[in-house]
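Convention: sequence-line order gives letters A, B, ...; per-chain numbering from 1.
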Protein chains: 2
Amino acid sequence: MRPTMRDIALRAGVSKTTVSFAINDPSRISEATYARVMAVVAELGYVPDPVARTLTTKRLGALGLLLPQPIHEALRNPYLCEIIRGIGRVCEEKELSLTMIPPIKGRIVEAARRAFVDGLITVGLGPDHEAVEFLRKRHIPFATIDGLESGMAYNVGIDDEKAACGLMRYILERGHRNLAILSLMPNALSPPEEGLSPVRDRRLAGFSRALSGIGLSLGSAGIRVIACEASFGAGERAISLLLAGAREGLSAIVAMSDAVALGACFACKRLGMSIPRDMSVAGFDDIPDALLAEPPLTTVRQPGVEKGAAAATTVLTLLAGGRAEHCLLETELLVRGSVGDPSPLGAGGRA
Amino acid sequence: MRPTMRDIALRAGVSKTTVSFAINDPSRISEATYARVMAVVAELGYVPDPVARTLTTKRLGALGLLLPQPIHEALRNPYLCEIIRGIGRVCEEKELSLTMIPPIKGRIVEAARRAFVDGLITVGLGPDHEAVEFLRKRHIPFATIDGLESGMAYNVGIDDEKAACGLMRYILERGHRNLAILSLMPNALSPPEEGLSPVRDRRLAGFSRALSGIGLSLGSAGIRVIACEASFGAGERAISLLLAGAREGLSAIVAMSDAVALGACFACKRLGMSIPRDMSVAGFDDIPDALLAEPPLTTVRQPGVEKGAAAATTVLTLLAGGRAEHCLLETELLVRGSVGDPSPLGAGGRA
DNA sequence: CCGGTTAAGCAAATCGGTTAACAATCGCGG
DNA sequence: CCGCGATTGTTAACCGATTTGCTTAACCGG
């Protein structure tokens with residue numbers, strides 16, 4: 001069995017306290033004793049049990065990320081990876097580890113309960129989500145990413161409404177009137193009580209505002225809103241399915257995530273279409289692949305890494321007893337090659 | 001402050017023991033008492049402290065992944081993401097969380113020390129790595145991925161030598177004689193004592209064997225071996241640098257990872273070359289992007305997700321006291337579009 | 001009415017550390 | 001040679017749970 005402090009103390013002929021001092025504060029004991037204790041420590045290969053230590057110090061040395069989906073799916077989402085990388089960068093600096101906490105039995109709050117961490121970060125959860133409520137009640141330091149700004153939780157995000165509106169305006173300015181909007185799922189794995197995605201709602205609102213600028217709405221003819229999981233595969237399937245039916249003049253696809261948009265591109269290409277000649281596609285996030293795609297994807301850049309880093313910093317501030325605040329990051333419309341003019345083909349197909 | 005078991009006991013007018021029973025084994029107490037206790041539990045929002053519980057139960061409910069690099073860099077590596085996804089899938093099933101543990105002060109073993117986990121998984125560490133030795137000494141259940149098969153640790157991997165040899169044979173059969181091999185760094189962040197990468201060494205051995213089949217070696221004229229971090233950016237830089245000098249007849253680039261290969265492709269394209277007409281590129285791993293690239297990347301598929309899952313399963317087996325064994329997974333040469341015949345241009349340049 | 005089960009609840013030990021409070025020893029100035 | 005502070009080490013309480021025995025009371029058949 002693994003040696004404990006008692007074993008060391010016994011073998012070195014000192015008390016547990018002395019061993020503890022040798023390890024945590026050598027200045028408290030004589031050099032000779034220190035040497036003797038450490039010799040035994042080395043001999044038995046003793047390492048203090050981090051768990052036991054935690055009981056009194058109250059520090060685990062870990063930050064937790066409450067994932068909205070199973071790890072297996074979450075890491076397929078490049079945008080989420082960016083966020084994790086940002087959190088990781090901060091953890092790195094503070095010598096913390098990062099625990100990814102998937103929902104248990106589909107419930108995030110259940111996962112939050114058993115978390116072995118000093119602080120938590122959530123993604124996509126509004127202030128009335130049961131998990132957020134739980135964290136507040138338990139006074140666990142935490143920050144939300146892509147949640148809602150409220151008195152209930154410190155949030156890190158962007159102005160989704162404005163960004164989405166800007167993107168849609170651009171699409172409309174290019175002349176597109178016949179669109180498929182690939183929205184997000186309410187929440188990948190959510191039973192109703194898990195609450196809806198604040199991000200999705202605000203982006204839809206942004207789209208809506210842009211549309212209303214030219215007298216259209218999300219319900220207008222020619223505007224389809226399709227809920228779609230945030231993954232390449234989901235985007236591909238959604239568009240394949242859509243185009244398998246009548247194309248009905250569709251000239252542009254606007255997705256709420258780049259992963260979905262790239263999936264859509266893939267589906268289009270497989271059907272022999274050329275982008276942006278036969279179909280325009282726009283995304284959201286600016287994941288690394290967006291730039292590498294051919295043509296490079298027109299999208300809204302949002303700083304994923306910075307989001308993660310800001311959230312982690314917020315949690316650490318809270319942990320240190322400091323006063324935190326909401327954080328709103330900048331976005332930018334990146335006009336690249338995937339959006340063109342409405343194709344004559346598309347227009348023709350409509351008739 | 002967060003309520004403890006004592007608080008509940010006091011308020012419910014029972015002993016701590018009774019509260020513990022109410023939570024862990026209600027059958028041990030009367031229904032009336034159970035109800036009373038749980039009412040107080042609900043009222044105060046009590047949740048047992050997982051850390052304290054662990055002290056006696058010895059189960060943390062978490063698996064740890066010892067990363068060879070900081071999280072920030074590690075997650076940029078799609079292949080590593082695949083591995084993590086595989087581990088995640090297993091964690092999911094067992095309701096465990098997954099802790100990503102970056103090196104501390106550049107030392108993996110230091111990170112292993114403070115890990116709050118039931119079992120660990122390492123990536124790319126040989127049996128003589130100090131971290132692996134530490135884990136053995138401490139009898140922590142663990143498995144290595146891409147390590148070496150040995151009596152010291154259960155390993156999950158592929159036959160790197162054979163796979164690399166197969167890939168190189170194919171390249172040589174297509175007629176290429178003037179190559180750049182993008183090898184891996186000894187280890188992204190390793191001081192010498194961190195040990196070299198077993199994977200790299202065996203793949204080089206495989207390349208070497210294939211080359212020797214036609215009378216060449218890694219040291220022959222026309223064969224360059226360039227160490228390169230396992231990332232898109234590193235591959236891009238390495239090739240940009242290489243091609244900035246004289247091209248010297250180079251007709252093919254063989255990388256040890258797809259990320260690097262894709263970076264190399266990008267660099268080539270930016271210089272106006274067409275793949276595979278002007279330059280052939282082959283990778284290793286078969287990450288999702290490999291198939292999506294244009295042209296799709298010729299590569300060696302190795303099952304990243306399965307690797308992770310197998311390693312996690314191994315650790316769980318060990319944890320349950322069972323007997324584990326090494327796991328050697330299958331690879332497959334995927335001939336796609338990125339490798340062609342040596343270009344006349346390349347051949348000409350050599351003169 | 002009695003001995004023997006069973007059920008319900010509790011006190012105390014334990015897990016492996018940290019830390020406050022205190023005791024013993026030493027050195028040194030006065 | 002006394003007394004005081006600094007140095008070194010120890011004892012014991014504590015962190016928040018689990019778990020082993022033990023006690024008490026209720027119940028049951030004979």
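- Around CZ of R11(A), the count of heavy atoms belonging to other residues, nucleotides or ligands within 6.0 Å does not exceed 12.
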Review point. Between T18(B) and S15(B), does a side-chain hydrogen bond (donor to acceptor under 3.5 Å, both in side chains) hold up when you go through it step by step?
Key: CA-CA 5 Å; T18(B) 303; S15(B) 72; 3.2 Å; yes

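- Atom CZ of R2(B) is surrounded by more than 12 heavy atoms from other residues, nucleotides or ligands within 6.0 Å.
- We find that CG of L55(B) is positioned 14 Å from P of dC15(D), with the value rounded to whole Å.
- Of the possible polar contacts, none joining the D146(B) side chain to the G157(B) backbone as a donor-acceptor pair under 3.5 Å is found.
- Proximity of a side-chain donor or acceptor of H326(B) to a complementary backbone N or O of L148(B) within less than 3.5 Å is not detected.
- An end-to-end axis angle of 50° holds for the helix from dC1(C)-dG30(D) to dG30(C)-dC1(D), taken from five base pairs per end and rounded to 10°.
- If you check dT10(D), dC10(C), dG16(C) against the side chain of V14(B), the one that comes closest is dC10(C).
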Pairs under 3.5 Å (N/O, protein and nucleotides 18-23 of chain D):
unit_1, atom_1, unit_2, atom_2, d
dT18(D), OP1, N24(B), OD1, 3.4
dT18(D), OP1, N24(B), ND2, 2.8
dT18(D), OP1, R53(B), NH1, 3.4
dT18(D), OP2, S20(B), OG, 2.7
dT18(D), OP2, N24(B), ND2, 3.1
dT18(D), O4', T56(B), OG1, 2.9
dT19(D), O4, T17(B), OG1, 3.2

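- Here the shortest heavy-atom pairing between R113(A) and V47(B) reads NH1-CG2, 3.7 Å.
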Review point. Would T33(B) and S30(B) satisfy side-chain hydrogen bond (donor to acceptor under 3.5 Å, both in side chains), going step by step from the backbone distance to the final call?
Key: CA-CA 5 Å; T33(B) 312; S30(B) 74; 2.7 Å; yes

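- Looking at D7(B), its side chain does come within 3.5 Å of a backbone N or O of T4(B) through a donor-acceptor pair.
- No donor-acceptor pair under 3.5 Å is formed between the side chain of S20(B) and the backbone N or O of K16(B).
- As rounded to whole Å, 13 Å separates atom C1' of dA17(D) from atom CG of D7(B).
- A heavy-atom distance below 4.0 Å to DNA chain C is reached by none of the residues of residues 29-40 of chain A.
- Using a 4.0 Å heavy-atom criterion, one finds that V51(B) contacts no nucleic acid atom at all.
- Rounded to whole Å, atom P of dC15(D) lies 8 Å from atom NZ of K58(A).
- One interatomic measurement links the two molecules: CZ of R6(A) to P of dA12(D), which rounds to 15 Å at whole-angstrom precision.
- F142(B) places a side-chain heavy atom less than 4.5 Å from the side chain of R136(B).
- Distance D25(A) CG to dT8(D) P: 12 Å, rounded to the nearest Å.
- Look at T4(B) and you won't find any side-chain N or O under 4.0 angstrom from OP1 or OP2 of dG16(D).
- A donor-acceptor pair is defined here as one N or O able to donate and one able to accept, closer than 3.5 Å; such a pair exists between the side chain of S197(B) and the backbone of R200(B).
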